[in-house]
Number of protein chains: 2
Amino acid sequence: MTSLAHPQQGQPTPLPARLPNMQALRAFEAAARSGSFTRAAEELYLTQSAVTYQIRNLEDYLGTSLFQRLHRGIRLTNAGRAVYNDISRGLALIGESLTSVSGAPGATRAISRRMEDAPDPPSA
Amino acid sequence: MTSLAHPQQGQPTPLPARLPNMQALRAFEAAARSGSFTRAAEELYLTQSAVTYQIRNLEDYLGTSLFQRLHRGIRLTNAGRAVYNDISRGLALIGESLTSVSGAPGATRAISRRMEDAPDPPSA
DNA sequence: ATTTCTTACGCTCAACGTAAGTATC
DNA sequence: GATACTTACGTTGAGCGTAAGAAAT
């Protein structure tokens, strides 16, 4: 018999061997949304320098620039625009789900103590 | 005038102030999918110890356990099952998008050099 | 001069491996 | 003894802040 105990999908599209850091994704998302590294830094309670660092990381990882650096502020490149929506939605999906399990008004936390941690009955 | 230059959505559901590390999410995803920290570690080219560390991080972050530790292997708790699909899909969304911009057969990279890095015409 | 992105540099701690521990079979 | 998760501990490098630089207005 093949295992039925754990999630299975058809061809789940294997993830890339390495994914960028969460901080890089968040910095990108905030910068793209706000159009400014400075505002992204404020929003994330970081310095400009940290945002620059993470964005550069992400651009190096991709081998493509994500923003045009303008005299005043920034602008998404085509590549940047191409990934912005997916990154944004991916982060939102993850963030909402985690929030529902942790931050929610007690609901999920309380419920989660009902029975799922009960050990398996002895297999014999 | 309000800025039209950057992405705008209605109420994009603000992300939580802090999100777990990418490594923690990946470790969770691999462990949940494989039903084993050991197999997750192999898949991610890490040690068991590193996987345990990241999973514990994630559980601490959430304040909830995500796996039952069984005699042999692990099992998702209700909370774990509740977040697995969203985390999995979120990571997949991000991974695919990034791959399409970086790893793709030259397409996006090549196209991306066409015109998007052209500077703005002087604003005067 | 002001604003905004970039770079240099140093510090801290998260992430990890190794190795020992625990528990079940 | 074998398998698998956990814990202790030391090392290393990513992530960050401070501060100085560059470029445009």
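Letters A, B, ... are given to chains in the order of the sequence lines, protein chains preceding strands, and every chain is numbered from 1. Quick note: numbers below take in every heavy atom, side chains included, and nothing from hydrogens, waters or symmetry partners.
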B:Asp60 CG to D:dT6 C1', straight-line distance once rounded to whole Å: 13 Å

Salt bridge (Lys or Arg N to Asp or Glu O under 4.0 Å) against A:Arg69, all qualifying residues, sequence neighbours excluded: A:Glu59

Heavy-atom side-chain contact between A:Leu70 and A:Arg72 under 4.5 Å: no

Sequence-distant partners of A:Asp86, side chain to side chain donor-acceptor pair (under 3.5 Å), two or more places apart: B:Ser97

Atom-pair distance (CD on B:Glu42; P on C:dC16), nearest Å: 16 Å

ILVMFWY cluster membership beyond B:Leu44 - transitive side-chain contacts under 4.5 angstrom: B:Leu46

Length of the line joining A:Asn57:CG and C:dC5:P, which is rounded to integer Å: 17 Å

A:Leu70 CG to D:dT25 C1', straight-line distance once rounded to whole Å: 14 Å

5′-ward residue of the pair B:Phe37/A:Gln54 relative to DNA chain D: B:Phe37

Whole-Å gap separating P (D:dG21) and CZ (A:Arg69): 21 Å

Contact under 4.0 Å: B:His71 side-chain N or O vs C:dA23 OP1/OP2: no

Check the interface with nucleotides 17-19 of chain D: list each N/O to N/O pair with the protein under 3.5 Å, or write none.
from: D:dG17; atom 1: OP2; to: A:Thr47; atom 2: N; distance (Å): 3.0
from: D:dG17; atom 1: OP2; to: A:Thr47; atom 2: OG1; distance (Å): 2.6
from: D:dT18; atom 1: O4; to: A:Ser49; atom 2: OG; distance (Å): 3.0

Touch class at under 4.0 angstrom, heavy-atom based, for A:Thr52 against every strand present: base

Residue whose closest nucleotide on DNA chain C lies nearer the 5' end, A:Tyr53 versus A:Arg72: A:Arg72

side-chain contact (heavy atoms from CB on, under 4.5 Å) involving A:Thr52 - partner list, sequence neighbours excluded: A:Phe37

Summary of side-chain hydrogen bond (donor to acceptor under 3.5 Å, both in side chains) pairs that have at least one residue in residues 42-51 of chain B, sequence neighbours excluded: B:Arg33-B:Glu43, B:Thr38-B:Gln48

Integer-rounded Å distance: D:dT6 P and B:Ile55 CD1: 9 Å

B:Gln68 CD to D:dC5 P, straight-line distance once rounded to whole Å: 14 Å

